[in-house]
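From a predicted model like this one, the values you see are computed outputs, not experimental measurements. Numbers for residues simply follow the sequence, beginning at 1.
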Amino acid sequence: ITLVFCTLLMGCYSYECNELKNANRVNLNNLKLGMTKTKVIQIMGESTCENSFTNPIGQKWIFESATNPYRNEILQSKENTFEILYYLTDIQKDDNAITDDELTPLVFDGGVLIGWGRAFLNVKIQKYELRIR
């Protein structure tokens with residue numbers, strides 16, 4: 001009886017965002033400089049994930065969700081405008097919050113991939129004195 005009761009209390013956890021994170025890490029290996037934004041989005045995918053808990057009576061609580069890309073932004077200098085797409089590729093803390101250090105930026109200039117990764121983005125920000133628009 002105790003085993004049955006404990007099983008009912010446990011419910012069901014779903015960790016879809018771990019699958020998305022892993023897929024994004026694999027897909028980064030298929031990117032090449034010079035690809036169009038459309039091609040990159042095709043490779044990376046446009047899926048959504050939910051980490052959730054469903055209790056024994058069917059109530060579902062979503063405690064984390066993400067989309068591909070997770071977010072985007074425009075960075076602009078006097079002469080250049082870059083578009084940045086951010087993808088979930090890491091989970092630093094199990095705190096149900098997606099933070100910048102868990103995202104990989106993909107940097108586009110004129111719709112063409114020119115690089116990716118936090119280090120690459122930081123170099124561009126310093127070189128061009130970029131600001132968020």
Quick check against the 3.5 Å criterion: does [X] have a side-chain atom that pairs as donor or acceptor with the backbone of [Y]?
{"X": "Glu16", "Y": "Glu50", "result": "yes"}
{"X": "Asp109", "Y": "Ile114", "result": "no"}
{"X": "Arg25", "Y": "Leu88", "result": "no"}

Can you measure from [atom1] ([X]) to [atom2] ([Y]) and round to the nearest 0.5 angstrom?
{"X": "Thr36", "Y": "Gln42", "atom1": "OG1", "atom2": "CD", "result": "8.5 Å"}
{"X": "Lys124", "Y": "Asn80", "atom1": "NZ", "atom2": "CG", "result": "8.0 Å"}
{"X": "Trp116", "Y": "Leu28", "atom1": "CH2", "atom2": "CG", "result": "7.5 Å"}
{"X": "Ile43", "Y": "Asn29", "atom1": "CD1", "atom2": "CG", "result": "11.0 Å"}
{"X": "Cys17", "Y": "Asn24", "atom1": "SG", "atom2": "CG", "result": "10.0 Å"}
{"X": "Asn68", "Y": "Ile41", "atom1": "CG", "atom2": "CD1", "result": "9.5 Å"}

Under 4.5 Å between any side-chain heavy atoms of [X] and [Y], yes or no?
{"X": "Asn72", "Y": "Glu83", "result": "yes"}
{"X": "Met44", "Y": "Leu31", "result": "yes"}
{"X": "Leu106", "Y": "Lys37", "result": "no"}
{"X": "Ile91", "Y": "Lys21", "result": "yes"}
{"X": "Ile98", "Y": "Tyr70", "result": "yes"}
{"X": "Arg71", "Y": "Asp100", "result": "yes"}

Looking only at non-hydrogen atoms, find the nearest pair between Gln76 and Thr81 and report the distance.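 Gln76 and Thr81 have their closest heavy atoms at CG-OG1, 3.7 Å.
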Of all the heavy-atom pairs spanning Ile84 and Pro105, show the shortest one and how long it is.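 That would be CG2-CB, 3.6 Å.
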Give me the one residue out of Leu85, Leu113, Leu121, Leu75 that meets side-chain contact (heavy atoms from CB on, under 4.5 Å) with Val107.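 Output: one option passes, namely Leu121.
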Can you tell me if Gln92 and Asp90 form a side-chain donor-acceptor pair at under 3.5 Å?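 Present: a donor and an acceptor within the cut-off.
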Compute whether any side-chain donor of one residue and acceptor of the other, for Tyr86 and Glu73, lie under 3.5 angstrom apart.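 Present: a donor and an acceptor within the cut-off.
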Going hydrophobic residue to hydrophobic residue with side-chain gaps under 4.5 angstrom, can you get from Phe108 over to Met35?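 They do share one cluster, since a chain of ILVMFWY contacts under 4.5 Å joins Phe108 to Met35.
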With hydrophobic residues grouped by side-chain heavy-atom distances under 4.5 Å, do Phe120 and Leu103 end up in a single group?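 Yes; tracing contacts between hydrophobic side chains, which count when under 4.5 Å, links both residues.
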Dump the intermediate steps for side chain to side chain contact (heavy atoms under 4.5 Å, CB included) on Ser47 and Thr67, then the final yes or no. CA-CA 6 Å; Ser47 56; Thr67 58; over 6 Å; no
